[in-house]
Amino acid sequence: MSTDVPAVPPCPNGDDCRLPDSVLQNVPSDRELSRLASRLGAEWEMVLLDLGVSAEALYRCHSDHSLNTQAAALAGLVLWRRSEGRKATLGKLLRSLEAAGVHPSVLEDAVMC
């Protein structure tokens with residue numbers, strides 16, 4: 001008797017993602033973006049550039065929230081989601097986080113909380 005357990009999809013860096021494909025196809029909510037922003041450090045700028053946010057828009061986010069990295073990161077993430085619409089998925093976000101050297105668990109924690 002075999003108990004087939006669906007394989008966990010590998011992340012681009014070789015780690016296992018705990019988020020199913022069905023979740024990775026979703027557009028992140030305000031709450032998920034806020035949780036993610038609170039977990040990002042200096043790499044938030046690299047993540048947003050990888051997502052296609054312009055350097056000018058990134059500068060505006062940084063200037064508007066110069067004393068609060070979390071608020072600047074959240075503003076950039078919300079800007080990305082608005083500009084991409086339904087194409088702004090958790091899967092794209094995961095790839096950009098990993099490209100910036102952020103472990104997949106950071107996004108998983110933000111989504112699964």
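- Here the CG-CD distance, from Leu49 to Glu45, works out to 7.5 Å after rounding to the nearest 0.5 Å.
- The shortest side-chain heavy-atom distance between Leu74 and Trp44 does not fall under the 4.5 Å cut-off.
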### Task
Show your working on salt bridge (charged side-chain N to carboxylate O under 4.0 Å, His left out) between Asp30 and Arg81 and close with a plain yes or no.
CA-CA 10 Å; Asp30 287 341; Arg81 186 184 62 193; 2.4 Å; yes
### Task
Go through Val23 and Leu90 one step at a time and tell me if the side-chain contact (heavy atoms from CB on, under 4.5 Å) criterion holds.
CA-CA 7 Å; Val23 172; Leu90 288 167; 3.9 Å; yes
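- Checking side-chain atoms of Arg39 against main-chain N and O of Leu107 turns up no donor-acceptor pair under 3.5 Å.
- Note that the OG1 atom of Thr89 and the CG atom of Leu94 stand 9.0 Å from one another [nearest 0.5 Å].
- Hydrophobic cluster membership is shared by Leu24 and Trp80, with clusters built from Ile, Leu, Val, Met, Phe, Trp and Tyr side chains linked at under 4.5 angstrom.
- The two residues Gly41 and Thr69 have their closest heavy-atom pair at O-CG2, 4.3 Å.
- Between the side chain of Lys92 and the backbone N or O of Leu51 there is no donor-acceptor pair closer than 3.5 Å.
- The two residues Asp50 and Ser96 make their nearest non-hydrogen contact at OD2-OG, 2.5 Å.
- A donor-acceptor pair under 3.5 Å links the side-chain atoms of Asn68 to the main chain of Gln70, judged by distance alone.
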### Task
Carefully, step by step, assess Glu43 and Leu97 under the rule side-chain contact (heavy atoms from CB on, under 4.5 Å).
CA-CA 8 Å; Glu43 64 278 332; Leu97 287 165; 6.0 Å; no
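- Pairing each heavy atom of Leu79 with each of Ala57, the nearest pair is CD2-CB, 3.5 Å.
- The hydrophobic cluster containing Val78 also contains Leu48, counting ILVMFWY residues as joined when their side-chain heavy atoms lie under 4.5 angstrom apart, directly or transitively.
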